[in-house]
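Values reported hereafter were calculated over all heavy atoms of this structure, with side chains retained and with hydrogens, waters and symmetry mates removed.
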Amino acid sequence: MFASSREQRFRVFASLEFEGQLYMTPRDFLESVTTDEPRNSKRWKSLSRQDVNQLLIDTPPVWKGSSRIFRTLGDKGMISYTEYLFLLCILTKPHAGFKIAFNMFDTDGNEMVDREEFLVLQEIFRKKNEKKERKGEEEKCAQLRLQLYGYFATTNSVHKTDAQDHASRSYWDTLRRGTSQALFSDLAEGADELTSSMVHTTLLVHFFGKKGKIELNFEDFYRFMDNLQTEVLEIEFLSYSKGMNTISEEDFARILLRYTNVENTSSYLENVRYRLPEEKGISFDEFRSFFQFLNNLEDFAIAMQMYNFANRSIGQDEFKRAVYVATGLKLSPHLVNTVFKIFDVDRDDQLSYKEFIGIMKDRLHRGTRGYKTVQKYTTFKACLKKQLYNR
């Protein structure tokens, strides 16, 4: 297989093609992170330069962004593959990491990000891609490079690494390492070339304006990242709430288990049915707070691991305290009780490291649920494994 699961997924959901390169619409992107496969079979629509300009005409400036921007734009927009990777990275970043993310791009330290600094992202992902190409697949890789990155020939690598660096690494870590001052100084020499060959996209126009002269500040960047997380969660929540203000505890369990490789979910769902017979419902605020907590899972896992080392399980009070200490979030008693009823398979009113952290880490780490004997499509969190936790 010469294409990774994330590359295949992008190609499956993308619906636009311009000068040989594939793009997603905002609608395509939302589908790719909230559904297992496209609602309709995708045929790449070939665009002219005039079509591209028309697609971007309704793109709002960043200060007019909202948690409905992708839904509002729908098919009126273009997202490149490198931007797709960037957006996937955002979806599992804790709020505390937003400033770090901004500083990655702000290579000159002026508290603002300009278009040229942001374009370095594309070059870094290109170079990571070149290092993983295999001999004997040059023709296939060349076609894939054109579709995903918009170029045929490989370029001289700026990002020099030793043998250890060739090990699989998360895209977020690649970005963090890649935007060091040393790398940027090398890439900056070709900044004019990057700009001249650049295709305007929805993100570039949204962040930097139609002429590319606007600079992005942290407040607007933070709001964009927060809005994106909220929009995706709203779509998932609304798909189960059926117009109501809450979803059932059983549907909440389905959403959590959907993005894991737990083959037999029936025991978990039965736990909810029999142990929570009176449905109170999970509100969107509770739903959102839980996913914010999951974005801080690594910190929480440290606290849970301490109980595991001591061969101790954890009760609801200890769980709530560990969440607050590790993440600063206060989960509602009903939400915590629901989580316990879902994952406490042995029904001892305790949550073991294996019962909870193991499954939730799997939810973030597993990357190849789809593409088995028939070509299914990796789900949202599964897809993120290749970007964020590929170790």
Side-chain angles (χ1 to χ4, degrees), residues 27 30-36 39 66-72 90-95 223 225-260 262 265-297 300 314-324 326-345 347 349 351 355-357 359-360 363-364 379-382 384:
R27 187 193 307 275
L30 291 178
E31 279 192 14
S32 75
V33 297
T34 57
T35 63
D36 290 336
R39 291 185 176 88
S66 73
S67 62
R68 292 191 58 86
I69 183 172
F70 281 70
R71 284 172 285 184
T72 299
I90 287 176
L91 288 176
T92 56
K93 289 299 289 182
H95 284 188
R223 191 181 309 113
M225 296 180 78
D226 186 55
N227 281 338
L228 177 63
Q229 290 185 355
T230 300
E231 181 159 13
V232 170
L233 290 176
E234 281 179 353
I235 292 171
E236 277 198 295
F237 185 86
L238 291 171
S239 69
Y240 282 90
S241 67
K242 302 176 178 65
M244 305 301 287
N245 292 326
T246 61
I247 59 174
S248 70
E249 289 81 357
E250 187 173 337
D251 283 340
F252 178 65
R254 286 195 179 93
I255 292 172
L256 293 186
L257 295 170
R258 176 186 176 192
Y259 300 129
T260 72
V262 174
T265 62
S266 60
S267 62
Y268 295 95
L269 297 178
E270 286 174 8
N271 273 347
V272 180
R273 294 189 197 108
Y274 291 109
R275 304 185 70 191
L276 291 170
E278 295 184 11
E279 181 181 313
K280 292 182 179 180
I282 303 293
S283 69
F284 180 72
D285 286 342
E286 290 175 314
F287 183 78
R288 187 168 186 259
S289 68
F290 187 80
F291 279 87
Q292 289 175 338
F293 153 65
L294 284 187
N295 287 348
N296 289 272
L297 190 64
F300 174 77
I314 184 171
Q316 294 191 28
D317 289 339
E318 291 87 356
F319 182 90
K320 284 188 290 186
R321 174 171 171 74
V323 169
Y324 181 73
T327 70
L329 293 167
K330 291 185 177 180
L331 303 183
S332 72
H334 176 60
L335 180 63
V336 172
N337 185 49
T338 300
V339 169
F340 268 64
K341 295 301 186 286
I342 295 170
F343 292 103
D344 179 22
V345 177
R347 303 187 181 186
D349 292 322
L351 204 64
E355 286 174 332
F356 181 71
I357 291 291
I359 294 174
M360 288 295 96
R363 183 183 189 279
L364 292 170
T379 51
F380 161 40
K381 288 294 186 182
L384 296 180

Enquirer: Any chance you could measure His95, atom NE2, to Asn296, atom CG, to the nearest 0.5 Å?
Expert: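 Between atom NE2 of His95 and atom CG of Asn296 there are 9.0 Å.
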
Enquirer: Can you tell if the side chain of Leu276 reaches within under 4.5 Å of the side chain of Thr338, non-hydrogen atoms only?
Expert: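 Contact flag for Leu276/Thr338 side chains = yes.
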
Enquirer: Return the minimal non-hydrogen interatomic distance between Ser289 and Leu331, and the atom names on each side.
Expert: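 Result for this residue pair: OG-CD2, 3.7 Å.
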
Enquirer: If I take atom CD1 from residue Ile90 and atom CE from residue Met225, how far apart are they, to the nearest 0.5 angstrom?
Expert: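 Answer rounded to 0.5 Å: 4.5 Å.
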
Enquirer: Give the C-alpha distance, both sets of side-chain angles, the deciding distance and a yes or no for side-chain contact (heavy atoms from CB on, under 4.5 Å) between Phe284 and Thr230.
Expert: CA-CA 10 Å; Phe284 180 72; Thr230 300; 4.3 Å; yes

Enquirer: Name the residue from Lys330, Lys320, Glu286 that meets the side chain to side chain contact (heavy atoms under 4.5 Å, CB included) definition with Leu335.
Expert: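 So the option named by the test is Glu286.
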
Enquirer: Check whether Glu231 reaches the backbone of Arg71 with its side chain - one donor and one acceptor, N or O, closer than 3.5 Å.
Expert: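 Flag set: sc Glu231 to bb Arg71 pair under 3.5 Å.
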
Enquirer: Roughly how far apart are Phe237 CZ and Thr246 OG1, rounded to 0.5 Å?
Expert: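 One gets 6.0 Å once the value is rounded to the nearest 0.5 Å.
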
Enquirer: Measuring from atom OG1 of Thr327 to atom CG of Leu294, what distance do you get when rounded to the nearest 0.5 angstrom?
Expert: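 That separation rounds to 10.5 Å.
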
Enquirer: Taking the side chain as everything from C-beta on, heavy atoms only, tell me whether His334 gets closer than 4.5 Å to Ile282.
Expert: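 Counting from C-beta outward, His334 and Ile282 do come under 4.5 Å.
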
Enquirer: Could you tell me how the ring of Phe356 sits relative to the ring of Phe293: parallel (under 30°), tilted (30 to 60°) or perpendicular (over 60°)?
Expert: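 Parallel, since the angle between the ring planes stays under 30°.
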
Enquirer: Nearest 0.5 Å, please: how far is OG in Ser241 from CE in Met244?
Expert: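 Rounded to the nearest 0.5 Å, the CE-OG separation comes to 9.0 Å.
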
Enquirer: Would you check if Asp349 and Arg275 make a side-chain contact, meaning some heavy-atom pair closer than 4.5 Å?
Expert: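 The answer is yes, as the side chains (C-beta and beyond) meet within the 4.5 Å cut-off.
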
Enquirer: Between Ile235 and Leu30, is any pair of side-chain heavy atoms under 4.5 Å apart?
Expert: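 Yes, at least one pair of side-chain atoms sits under 4.5 Å.
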
Enquirer: Would the distance check show the side chain of Asp344 and the main-chain N or O of Phe340 forming a donor-acceptor pair, the cut-off being under 3.5 Å?
Expert: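 No; zero donor-acceptor contacts below 3.5 Å.
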
Enquirer: Within the distance-only criterion (no hydrogens, no angle test), does the side chain of Gln229 pair as donor or acceptor with the backbone N or O of Asp226 below 3.5 angstrom?
Expert: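 Here the side-chain-to-backbone pair does not exist.
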
Enquirer: Between Glu249 and Lys280 (salt bridge meaning N to carboxylate O under 4.0 Å), is one present in this structure?
Expert: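 Salt bridge flag = no for Lys280 with Glu249.
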
Enquirer: Quick one: do Asp251 and Arg254 make a salt bridge, cutoff under 4.0 Å?
Expert: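 Salt bridge present between Asp251 and Arg254.
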
Enquirer: How many angstroms lie between CG in Leu233 and CD1 in Ile255, if you round to the nearest 0.5 Å?
Expert: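 Between atom CG of Leu233 and atom CD1 of Ile255 there are 9.5 Å.
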
Enquirer: List the steps and the verdict of side-chain contact (heavy atoms from CB on, under 4.5 Å) for Ile359 and Tyr268.
Expert: CA-CA 12 Å; Ile359 294 174; Tyr268 295 95; 3.0 Å; yes

Enquirer: Work out which heavy atom in Val272 is nearest to a heavy atom in Ala253; give both atom names and the distance.
Expert: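 That closest heavy-atom pairing would be CG2-CB, 4.0 Å.
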
Enquirer: Could you tell me if the side chain of Phe290 sits less than 4.5 Å from the side chain of Val323, heavy atoms only?
Expert: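 No; the side chains remain at least 4.5 Å from each other.
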
Enquirer: Got a sec, which residues hit ring pair (Phe, Tyr, Trp, His ring centres under 6.0 Å) with Tyr324, two or more places apart in sequence or on another chain?
Expert: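 By the ring pair (Phe, Tyr, Trp, His ring centres under 6.0 Å) rule, Tyr324 matches no residue at all.
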
Enquirer: Step by step, work out the side-chain contact (heavy atoms from CB on, under 4.5 Å) result for Phe291 and Leu91.
Expert: CA-CA 10 Å; Phe291 279 87; Leu91 288 176; over 6 Å; no

